[in-house]
2 protein chains.
Amino acid sequence: MQKYVVISNDIRNKIVKGEYVANQQIPFEKDMCIHYNASKMTVKKALDILVAEGLVIKRRGSGTFVKDLNLEEIERVTMANQFRGTTALNAGKKVRSKILNFSIVKVPEEAAKKLNISLGSFVYDIYRVRYVEDEPTVMEKIYMPIDLIPNIKEKNISGSIYDYIEKDLHLKIQSAHRTVSVRKATDFEADELGLEKGDPVAVAEQIGYLDTGNAFEFSTSVHRYDKFAVEIVLTRN
Amino acid sequence: MQKYVVISNDIRNKIVKGEYVANQQIPFEKDMCIHYNASKMTVKKALDILVAEGLVIKRRGSGTFVKDLNLEEIERVTMANQFRGTTALNAGKKVRSKILNFSIVKVPEEAAKKLNISLGSFVYDIYRVRYVEDEPTVMEKIYMPIDLIPNIKEKNISGSIYDYIEKDLHLKIQSAHRTVSVRKATDFEADELGLEKGDPVAVAEQIGYLDTGNAFEFSTSVHRYDKFAVEIVLTRN
DNA sequence: AAGTGGTCTAGACCACATT
DNA sequence: ATGTGGTCTAGACCACTTC
């Protein structure tokens, strides 16, 4: 493992375990260099990870300090804000799908724009309801170009599509651009998700990218309002 | 300006202007070092900014590539996902407040936890509706410790509280931890925001931190569902 | 004036992909 | 075998805070 990861893990642990407490000044970078037998750049990189996570604050001229977080907030921040699908997010729980549609169609105009492919291309058109512990939780409408993600079978979309892409096709998912908004459920969505007509839903529109830089997925996830939250750490420069 | 900012700005411009196009491989770091007369670490840092923004992708052993983004997505990604208040987010538009409450109270239990201050401390209790271009847009319930943010007057909370904190008090806002969720509007909220009873609202719970590491704000913003969206770029690793 | 973190360098070595 | 990006170093200089 890289040295900067080791160092940042070590410091994160000290914060989580309470060895470094809220508002405490932690050792100077200079001293950490000696302690970890690392160069300044390496220690700085380790600390910058913790700044981005929201655990510590650096002030030029003064030093580095533990943020004044309560326990709950430390926990929240610590379970990394990673990019995972429904299956991975609910690891250990029973996740299954009800497939509403699975076909190949000419790409709709909006999806063509989002996927940056030409009109007339073919895409998988997947529509499914995801159940977590037998509770309907989210409805997913997914478009995937058939030439990028070939050979999808019904069994692949019952489970984790990401697993199929990474483990079976050996492709690498690199990132996703997501827009979260809010609206009222349609009657059909309300029905499938076990909501009342007009109840709120959270809508996450997502474009997923492979490590080739190509968009492999344009999806719209409609979440039950009582089973949805996003956590964000915002930093000013 | 720092050299790595200059370099990343330059490359970003080339992408935005279309000089580097989707899926194109951009020059090697080695060559950029020569071109910009910079060291490898500096060029790498510049490129890593663009990776985090979602504009490019790096593959060890292969090179660096422009992500396959459509124009709209480039624009979206480019207008930085910064941390700003309602006033700054709607710069150029008319923003005003209707103040529903402005008082000093003993901190409620939840706020004490979030702000990590002891029960019995006093906080400002601010409740206001924000109007953008005379349309009610968001209701904000804000708690601020009086000893951190002293001397707030009615006029400060009609406008941007962040401006008061930074320009008048000369404090530095460092970051915020935000949780976004969805629920139904209460009748009172619906009334103030011009919604129907039970309409959806987006709720952003936020803890704001100064560069001292102290929480200076615990706020709950209730947004009209048709005037709310969050953009996120998620990266694996 | 002294000490902090921020930037930058020149060069070494490593992990990985392509040829 | 060659060449990519990733990590790491030792040390220089700068911006800023504190004394």
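Lettering of chains follows the sequences in order, A, B, ..., and the numbering in each one begins at 1. Values below: all heavy atoms of this structure, side chains included; hydrogens, waters and symmetry mates excluded.
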Within the pair B:Thr42 and C:dT7, is there a side-chain N or O less than 4.0 Å away from OP1 or OP2? no
OP1 or OP2 of C:dG6 sitting under 4.0 Å from any side-chain N/O of A:Lys58? yes
Indicate the atoms forming the closest heavy-atom contact of A:Ile126 with A:Phe102, along with that distance. CG1-CD1, 3.8 Å
Between B:Leu47 and B:Val56, what is the shortest heavy-atom contact and its length? O-CG2, 4.2 Å
Name the orientation class of the two ring planes belonging to A:Phe228 and A:His223 (parallel below 30°, tilted from 30 to 60°, perpendicular beyond 60°). tilted
Look at the aromatic rings of A:His177 and A:Tyr209 and report parallel, tilted or perpendicular, splitting at 30° and 60°. tilted
Identify, between A:Gly63 and B:Ser39, the residue whose nearest nucleotide on DNA chain C lies closer to the 5' end. A:Gly63
When the nearest nucleotide of DNA chain D is assigned to B:Asp48 and to A:Tyr36 on a heavy-atom basis, which residue is associated with the more 5' position? B:Asp48
Any side-chain heavy atom of B:Lys45 sitting closer than 4.5 Å to one from B:Ile7? no
Please examine the side chains of A:His35 and A:Asp31, heavy atoms only from C-beta on, and report whether any two atoms are closer than 4.5 Å. no
Heavy-atom contacts under 4.0 Å between residues 1-15 of chain A and DNA chain D, which residues? A:Gln2, A:Lys3, A:Tyr4
Just to verify, which of B:Thr212, B:Asn214, B:Asn116 counts as forming a side chain to side chain donor-acceptor pair (under 3.5 Å) with A:Asn23? B:Asn214
Euclidean distance, atom [atom1] of residue [X] to atom [atom2] of [N] [Å, nearest integer]:
{"X": "A:Leu50", "N": "C:dG5", "atom1": "CG", "atom2": "C1'", "result": "15 Å"}
{"X": "A:Glu29", "N": "C:dT4", "atom1": "CD", "atom2": "P", "result": "10 Å"}
{"X": "A:Asp211", "N": "C:dA17", "atom1": "CG", "atom2": "C1'", "result": "11 Å"}
{"X": "B:Lys45", "N": "C:dC8", "atom1": "NZ", "atom2": "C1'", "result": "10 Å"}
{"X": "B:Ile49", "N": "D:dG5", "atom1": "CD1", "atom2": "P", "result": "17 Å"}
{"X": "A:Arg59", "N": "C:dG6", "atom1": "CZ", "atom2": "P", "result": "12 Å"}
{"X": "B:Phe28", "N": "D:dG6", "atom1": "CZ", "atom2": "P", "result": "13 Å"}
{"X": "A:Lys30", "N": "D:dA10", "atom1": "NZ", "atom2": "P", "result": "16 Å"}

Might you confirm whether atom CG of A:Leu119 has over 12 heavy atoms from other residues, nucleotides or ligands at distances under 6.0 Å? yes
Pair A:Glu110, A:Tyr143: side-chain N/O donor-acceptor within cut-off below 3.5 Å: no
Looking across every strand, which nucleic acid part, if any, lies under 4.0 Å from B:Lys44 by heavy atom: base, sugar-phosphate, or nothing? base
For A:Asn37, report the nucleic acid contact type (base, sugar-phosphate, nothing); a contact means any heavy atom under 4.0 Å. sugar-phosphate
Set out, line by line, the N/O atom pairs under 3.5 Å between protein and nucleotides 11-15 of chain D.
{"unit_1": "D:dA15", "atom_1": "O4'", "unit_2": "A:Arg60", "atom_2": "NH1", "d": "3.0"}

Show, in sequence, the C-alpha distance, side-chain angles and deciding distance for A:Glu73 and A:Arg76, and conclude whether the salt bridge (Lys or Arg N to Asp or Glu O under 4.0 Å) test is met. CA-CA 5 Å; A:Glu73 197 62 21; A:Arg76 183 176 302 170; 3.4 Å; yes
Taking the side chain of A:Ser62 as its heavy atoms from C-beta onward, which of C:dG5, D:dT17, D:dG6 lies nearest to it? D:dT17
